[in-house]
Amino acid sequence: MEAYGVAMMRTIPDSHPVYKLLRPAFHYTMAINTAARRSLINDGGTIDQAFSIGTGKSGEEAVFSGKNELFKRVSQKYSVHWTNIKRDMKARGVGDADKLPHYYYRDDGVRLWDAIENFVKSILKLFYDNGADVRKDSELKEWA
């Protein structure tokens with residue numbers, strides 16, 4: 001998500017309503033990612049110390065290259081659509097509460113998703129009458 005935040009800050013004026021809506025979320029995302037790069041995913045960091053994801057070679061180089069290969073594979077398959085919990089739950093076959101009751105990660109996550117989605121829609125409706133207005137916004141086009 002950091003790349004989207006950086007792109008937003010480079011292309012959307014800070015007076016834009018979407019900027020004002022998203023800036024707080026991206027601000028903390030970037031701070032967390034910076035801290036993670038320093039101590040969690042750096043070579044010799046917490047991930048290397050806690051997990052064995054080496055390549056079959058021996059020594060520290062094997063652990064580092066295994067971790068780096070894992071990150072590379074995940075990043076090649078990443079899609080922003082993974083951030084949509086409803087789509088993610090359906091794709092993983094756990095989206096139907098009747099077939100899998102009491103799956104609280106899904107149940108609570110969907111409630112949070114819906115609350116955030118409703119909040120964002122209520123804010124955007126103050127500035128845009130419909131989807132066509134959003135698509136016409138030249139500043140958002142620059143970001144996208």
Side-chain angles (χ1 to χ4, degrees), residues 1-56 60 62-144:
M1 297 308 296
E2 184 174 356
Y4 300 104
V6 170
M8 180 195 73
M9 286 186 266
R10 290 182 178 172
T11 59
I12 300 179
D14 59 2
S15 59
H16 194 283
V18 171
Y19 183 98
K20 290 183 179 291
L21 183 66
L22 295 178
R23 177 65 176 114
F26 285 134
H27 173 74
Y28 293 109
T29 297
M30 290 178 212
I32 289 168
N33 288 352
T34 298
R37 284 190 293 271
R38 288 187 188 141
S39 63
L40 187 64
I41 63 173
N42 63 316
D43 288 346
T46 304
I47 294 294
D48 289 336
Q49 295 171 24
F51 298 98
S52 175
I53 52 176
T55 61
E60 287 184 357
V63 174
F64 300 156
S65 61
K67 173 190 68 189
N68 294 340
E69 179 64 25
L70 176 65
F71 291 159
K72 178 181 168 185
R73 289 180 187 184
V74 169
S75 67
Q76 287 172 341
K77 294 181 179 184
Y78 174 79
S79 168
V80 71
H81 298 293
W82 289 1
T83 62
N84 181 323
I85 192 167
K86 292 177 181 180
R87 189 177 288 162
D88 181 50
M89 294 293 106
K90 185 176 180 180
R92 293 194 289 142
V94 294
D96 188 340
D98 292 330
K99 292 182 181 176
L100 181 62
H102 311 296
Y103 183 34
Y104 302 114
Y105 174 75
R106 176 206 54 227
D107 300 341
D108 294 345
V110 167
R111 284 186 193 103
L112 286 170
W113 177 272
D114 288 342
I116 293 167
E117 183 177 43
N118 289 333
F119 171 74
V120 170
K121 284 180 178 179
S122 72
I123 297 297
L124 293 179
K125 284 181 181 180
L126 297 173
F127 299 94
Y128 302 101
D129 289 328
N130 52 50
D133 289 346
V134 175
R135 289 187 292 277
K136 290 178 191 173
D137 186 325
S138 61
E139 293 167 332
L140 288 182
K141 283 183 184 179
E142 184 70 23
W143 179 39

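- The salt bridge (charged side-chain N to carboxylate O under 4.0 Å, His left out) analysis of residues 70-94, with sequence neighbours excluded, yields the pairs Glu69-Arg73, Lys86-Asp114, Asp88-Arg92.
- Below 30°, between 30° and 60°, or above 60°: for Trp143 and Phe26 the angle between ring planes is above 60°, a perpendicular geometry.
- We find the CG-CD1 distance between Leu40 and Ile32 to be 11.5 Å, quoted to the nearest 0.5 Å.
- Here Tyr105 pairs with nothing under the side-chain hydrogen bond (donor to acceptor under 3.5 Å, both in side chains) rule; sequence neighbours left out.
- Contacts classified as salt bridge (charged side-chain N to carboxylate O under 4.0 Å, His left out) and involving residues 133-144 (residues at least two apart or in different chains) are not found.
- Here the shortest heavy-atom pairing between Thr83 and Trp113 reads O-CZ3, 2.9 Å.
- Of all heavy-atom pairs between Val6 and Met30, the closest is N-CE, 3.6 Å.
- Atoms CD and OG1, from Glu2 and Thr34 in turn, are 6.0 Å apart once rounded to the nearest 0.5 Å.
- Distance alone, capped at 3.5 Å, places no donor-acceptor pair between the Ser39 side chain and the Thr46 backbone.
- Side-chain contact between Gln76 and Tyr78 is absent, with no heavy atoms from C-beta onward closer than 4.5 Å.
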Run the numbers on Val18 and Leu140 for side-chain contact (heavy atoms from CB on, under 4.5 Å), then give the verdict.
CA-CA 8 Å; Val18 171; Leu140 288 182; 3.9 Å; yes
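- Listed by chain and number, the residues in a salt bridge (Lys or Arg N to Asp or Glu O under 4.0 Å) with Asp108 are Arg111 (sequence neighbours excluded).
- Arg106 places no side-chain N or O within donor-acceptor distance of the main-chain N or O of Met89, the cut-off being under 3.5 Å.
- Listed here is the closest heavy atom pair of Pro13 and Tyr19: O-CB, 3.4 Å.
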Would Val80 and Tyr4 count as a side-chain contact (heavy atoms from CB on, under 4.5 Å) here? Give the steps.
CA-CA 10 Å; Val80 71; Tyr4 300 104; 3.5 Å; yes
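- Note on residues 6-23: no pairs pass salt bridge (charged side-chain N to carboxylate O under 4.0 Å, His left out), not counting sequence neighbours.
- Here the CG-CD distance, from Asn84 to Glu117, works out to 7.5 Å after rounding to the nearest 0.5 Å.
- Within 6.0 Å of CZ in Phe71 there are more than 12 heavy atoms belonging to other residues, nucleotides or ligands.
- The two residues Ile123 and Phe127 have their closest heavy-atom pair at O-CD1, 3.3 Å.
- Closest heavy-atom contact between Pro101 and Asp98: CD-O, 4.0 Å.
- Taking OH from Tyr28 and CG from Asn33, the interatomic distance works out to 14.5 Å, rounded to the nearest 0.5 Å.
- Qualifying side chain to side chain contact (heavy atoms under 4.5 Å, CB included) partners for Ser79, counting only residues two or more places apart in sequence or in other chains: His81, Trp82.
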